Amino acid sequence: MHSFNKLSFLAMPCYLSAFIQTFYLDLGEADHFSHRFESHIREIRMGDDSVVSRLGSMKALLGIVAGAGASYGIYKLVFGRAGDAGVNRKKSAKSVTIQPGSLMAKVSGFKVVSESDNLDPTADAKSSDVFSKSAASLEPRHLSMLLSLLQSSPNPEERRKVLVTLGNAAAFTVNQDLLREFGGLHIIAGFLSDPSPELRVQTLNALNNLSMNIRNQEQLKIYVSSVMQMIEMSPVNSDLQLAALRLLTNLSVTDNHQHLMKKSITLLLSLLVVSNEVLQIQVLKVLVNLSSNPDLMDDIVQAQAPASLILLFDGCTSTSVLLRLLFFVGNLRSWRPSAQVAEALRRRQDSLYCVLLDGSSQLHRKLPLLLSHPDEEVKSQVARLLT
């Protein structure tokens with residue numbers, strides 16, 4: 001992988017310092033913060049097409065799937081597994097109630113009203129002042145107490161509030177380290193198997209922020225298969241899929257853990273042709289990251305690809321999606337198979353190689369048409385692919 005990409009990822013504290021000044025203890029702001037940070041890193045990789053590789057052993061794949069809906073539907077029928085995977089967590093039968101003035105009342109962002117409060121608007125205003133800056137001012141003992149409350153509370157809404165708070169706190173480098181040292185990564189990841197979709201979304205959001213720390217990634221890598229399964233089993237275009245893909249984007253920034261995702265290339269390609277623009281962009285961020293690794297190219301070009309993938313190379317496709325598709329193809333074209341290997345791949349008509357790389361691919365006919373695209377960067381990338 002290009003060294004510039006790795007240095008950019010290692011410079012995450014600098015990105016965080018710039019974003020912290022505008023951070024608020026709110027789920028929407030936390031997600032926006034994470035998305036902005038992640039965009040800084042991922043866009044660096046999009047232009048990386050210096051990929052070389054070798055082709056290893058080939059594995060049997062599924063038959064061709066012609067059509068966006070049929071592709072994803074058949075994939076789930078064949079590969080679907082019942083139930084969500086995850087890490088078991090311990091639950092205490094002891095009931096924990098939020099009391100006025102307690103830590104939870106101060107840091108979760110939710111005002112707790114007691115009988116003596118009498119809904120005093122002045123008290124609400126003071127509480128709001130605390131909430132707007134509490135994520136940056138949480139102390140180590142607060143994080144430890146929140147983790148304990150997350151494990152012990154039987155109330156789903158209470159656990160959700162704690163996850164939101166921990167996710168916001170995890171946007172700060174110092175808290176990323178502290179939560180790892182407290183064993184918080186595995187405690188939080190334990191809720192990947194929670195029956196509540198909303199709790200799983202908040203869990204993924206917290207893990208997404210925590211994964212911006214390379215040392216944390218070493219612990220979070222064991223959950224890649226669970227996250228992939230969650231993507232596969234969740235409704236298309238759901239918040240669960242989006243949150244899961246954002247986590248995988250962070251985990252695929254470096255070469256360290258990309259190999260854990262190579263068996264899911266077909267899933268990602270199938271999702272690409274049936275999802276909306278927001279999800280397509282996130283899927284392509286992962287695919288661009290993976291295709292920048294020469295060691296994964298064997299698996300990528302052999303992966304089953306829906307025939308309808310070619311339809312995305314069109315002027316009607318969103319410019320943001322189209323650009324990432326072109327970068328993905330650029331990475332793939334840097335791979336050069338031997339004549340013998342190429343001939344073997346041609347017999348796999350449903351492989352990504354045949355759909356996008358082989359001389360008979362319809363892509364060769366569609367690319368010149370994109371030279372008239374109104375976006376200059378699109379035209380530039382197309383011209384690069386045609387030369």
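Because the structure is a prediction, the values reported are computed rather than measured.
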*Apply side-chain contact (heavy atoms from CB on, under 4.5 Å) to I222 and H186, showing your working.*
CA-CA 10 Å; I222 65 174; H186 298 304; 3.9 Å; yes
Closest non-hydrogen atom pair, [X] against [Y]:
X	Y	answer
P140	F182	O-CE1, 3.4 Å
L269	A303	CD1-CB, 4.5 Å
A169	L143	CB-CD2, 4.0 Å
K285	T249	CB-CG2, 4.0 Å
V236	S275	CG1-CA, 4.1 Å
V355	P306	CG1-O, 4.2 Å

[X] side chain to [Y] backbone, donor-acceptor under 3.5 Å:
X	Y	answer
Q229	S225	no
Q304	T266	no
Q202	L163	no
D358	Y353	no
S234	I231	no
D375	T319	no

Student check: side-chain heavy atoms of [X] and [Y] closer than 4.5 Å:
X	Y	value
L192	R200	no
V329	F313	yes
L323	V378	yes
D299	Q302	no
M261	Q258	no
D295	H259	no
Q280	L271	no
V224	L247	no

_Show, in sequence, the C-alpha distance, side-chain angles and deciding distance for S361 and I310, and conclude whether the side-chain contact (heavy atoms from CB on, under 4.5 Å) test is met._
CA-CA 9 Å; S361 170; I310 201 70; 4.2 Å; yes
Heavy atoms from other residues, nucleotides or ligands near [atom1] of [X] exceed 12 (cutoff 6.0 Å):
X	atom1	value
Q340	CD	no
R346	CZ	yes
D239	CG	no

_With sequence neighbours excluded, residues passing salt bridge (Lys or Arg N to Asp or Glu O under 4.0 Å) with K366_ =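 Result, salt bridge (Lys or Arg N to Asp or Glu O under 4.0 Å) vs K366: none returned.
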*Please name all residues satisfying salt bridge (Lys or Arg N to Asp or Glu O under 4.0 Å) with D177, sequence neighbours left out, ordered by chain then number.*
R180
Atom [atom1] of [X] and atom [atom2] of [Y]: how far apart are they, to the nearest 0.5 Å?
X	Y	atom1	atom2	result
L325	L284	CG	CG	5.0 Å
L370	L326	CG	CG	6.5 Å
L220	R215	CG	CZ	13.0 Å
R348	C354	CZ	SG	9.0 Å
Y223	T203	OH	OG1	11.0 Å
L352	M297	CG	CE	9.5 Å

*Kindly indicate, with the supporting measurements, whether the criterion side-chain contact (heavy atoms from CB on, under 4.5 Å) is fulfilled by V382 and L386.*
CA-CA 6 Å; V382 171; L386 292 174; 3.8 Å; yes
*Between S153 and N155: side-chain donor-acceptor atoms closer than 3.5 Å*: no
_Can you see whether Q381 engages E377 through a side-chain donor-acceptor pair at a distance of less than 3.5 angstrom?_
no
*If you group Ile, Leu, Val, Met, Phe, Trp and Tyr by side-chain heavy-atom gaps below 4.5 Å, do L369 and L385 land in one group?*
no
*Could you walk me through whether N209 and L166 pass the side-chain contact (heavy atoms from CB on, under 4.5 Å) check?*
CA-CA 10 Å; N209 281 346; L166 288 172; over 6 Å; no
*asked:* Can you list everything that forms a side chain to side chain donor-acceptor pair (under 3.5 Å) with K221? Sequence neighbours excluded, please.
replied: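 With sequence neighbours excluded, K221 shows a side chain to side chain donor-acceptor pair (under 3.5 Å) to E218, given in chain and number order.
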